[in-house]
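Below is one structure, written out as structure tokens, with a few remarks after it.
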Amino acid sequence: MTAGTTEVSAEALYYPDIASTQFYVGALAKLSVLQYFVAESAVIGAWAGAEPYSRRTGYISDLGASACGDFSGRDVCSPAHLLMNVSFVVQGLGMVIGALLLGSALLACAARRGVPSVRGRMTGRITGTARLLTGIAGAGTVIVGLVPEDAGSAWHVAGALMYFAAGAVALLVLGGLWLRQTALAWIILACGAVSLTALIAGGLTGMHVPEPGTLERFMGYPITVGVAAAGLVIAQRVQHERALRRHARS
């Protein structure tokens, strides 16, 4: 080892098998969260309340309420509530599966091509934090789907807060990590910032705003978009590595 050269242990240098099926499935799991928008539109179309459902004033959880009637002063009636709750669970499972399958080493180099990952303490903590928070957010929205707002349980609110808070911070962490590696990092970072800002605004106002549905969607929609964008980055990288291997074999 010559003078002035930084010593790196053999264990510190690690390049994951990016073309593996595990990572491709993990990327698709993240992309699967987009089904939420289709499900929400279908459930809104089936709404049977006294007044038409409005994304501007209606809470997202009203779409998953299992019974028709008054809930906290709102007339709620969502015949397709099962579809909404299944969508919540599928979205959450997609995030949890993605967090489990997409390892820290993969996240460290997923947005840049041809560069091995050096596993330092800081990088490991950043990627580990992003995975943990994504998993927590996913578990939160699974709870939201399993425990509708009219079930009389505090778990619904807890699950929603897990999703909003952990999901927003996860995107900020991952977007910051990838900032100089892919243009999509700006979208991921912006989604995290918008979601967290809306969450803080909702907390400060107690959601007593003219358009609570709009505010809540500023909390939730960016997380779905940001997670899908992260899945797209990883899927593109996996496909690129697979294409290189096919070319090398031909």
Side-chain angles (χ1 to χ4, degrees), residues 27-98 134 137-151 156-157 159-164 167-168 170-171 184 187-188 190-192 194-199 201-202 207 209-232 235:
L28 293 180
K30 282 182 173 288
L31 283 166
S32 72
V33 301
L34 291 174
Q35 56 77 29
Y36 167 83
F37 293 117
V38 178
E40 186 194 53
S41 294
V43 175
I44 290 175
W47 183 260
E51 296 291 334
Y53 183 89
S54 170
R55 286 185 173 89
R56 297 170 60 182
T57 57
Y59 285 87
I60 296 173
S61 292
D62 289 348
L63 297 172
S66 57
C68 294
D70 180 83
F71 185 82
S72 297
R74 304 188 301 275
D75 179 66
V76 175
C77 190
S78 182
H81 60 87
L82 182 59
L83 174 59
M84 192 73 263
N85 290 324
V86 168
S87 178
F88 287 141
V89 172
V90 171
Q91 182 183 34
L93 290 177
M95 296 173 69
V96 171
I97 291 171
T134 301
T141 194
V142 168
I143 293 172
V144 167
L146 294 178
V147 186
E149 68 174 6
D150 59 343
H156 182 87
V157 176
L161 290 175
M162 287 168 60
Y163 174 69
F164 293 141
L171 293 179
L184 283 177
I187 295 178
I188 296 171
C191 284
V194 170
S195 179
L196 186 60
T197 300
L199 178 61
M207 297 299 290
V209 294
E211 296 186 2
T214 298
L215 181 57
E216 188 180 29
R217 282 167 172 81
F218 271 121
M219 298 178 199
Y221 281 8
I223 297 175
T224 302
V225 172
V227 169
L232 179 60

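Since the structure is predicted, the reported quantities are computational estimates derived from the model, not experimental observations.
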Any idea which heavy atoms bring [X] and [Y] closest together, and the distance?
X: I188; Y: A229; result: CG1-CB, 3.9 Å
X: T134; Y: A170; result: OG1-CB, 3.7 Å
X: A29; Y: G98; result: CB-N, 4.0 Å
X: P148; Y: A65; result: CB-CA, 4.5 Å
X: A235; Y: A27; result: N-CB, 3.6 Å
X: G202; Y: M219; result: CA-CE, 3.9 Å

Got [X] and [Y] here, is their nearest side-chain heavy-atom distance under 4.5 Å?
X: F88; Y: L63; result: no
X: M207; Y: L215; result: yes
X: H156; Y: S61; result: yes
X: C68; Y: H81; result: no

Does L83 offer a backbone N or O that forms a donor-acceptor pair with the side chain of S87 under 3.5 Å? no
Contacts of R74 meeting side chain to side chain contact (heavy atoms under 4.5 Å, CB included) (sequence neighbours excluded), chain-then-number -> Y59, D62, F71, S72, V76, E149
Distance col, row L184:CG vs I187:CD1, nearest 0.5 angstrom, shows 5.0 Å
Rounding to 0.5 Å, atoms CD1 (I223) and OH (Y36) come to a distance of 11.0 Å
The single option from T141, V144, V86, L34 that satisfies side chain to side chain contact (heavy atoms under 4.5 Å, CB included) with Q91 is T141
ask   = Step by step, would you call Y163 with S195 a side-chain hydrogen bond (donor to acceptor under 3.5 Å, both in side chains)?
value = CA-CA 10 Å; Y163 174 69; S195 179; over 6 Å; no
Worksheet item: Please walk me through it: do N85 and L146 pass side chain to side chain contact (heavy atoms under 4.5 Å, CB included)?
Response: CA-CA 7 Å; N85 290 324; L146 294 178; over 6 Å; no
If you measure only the distance, is there a donor-acceptor pair under 3.5 Å linking the side chains of R217 and T224? no
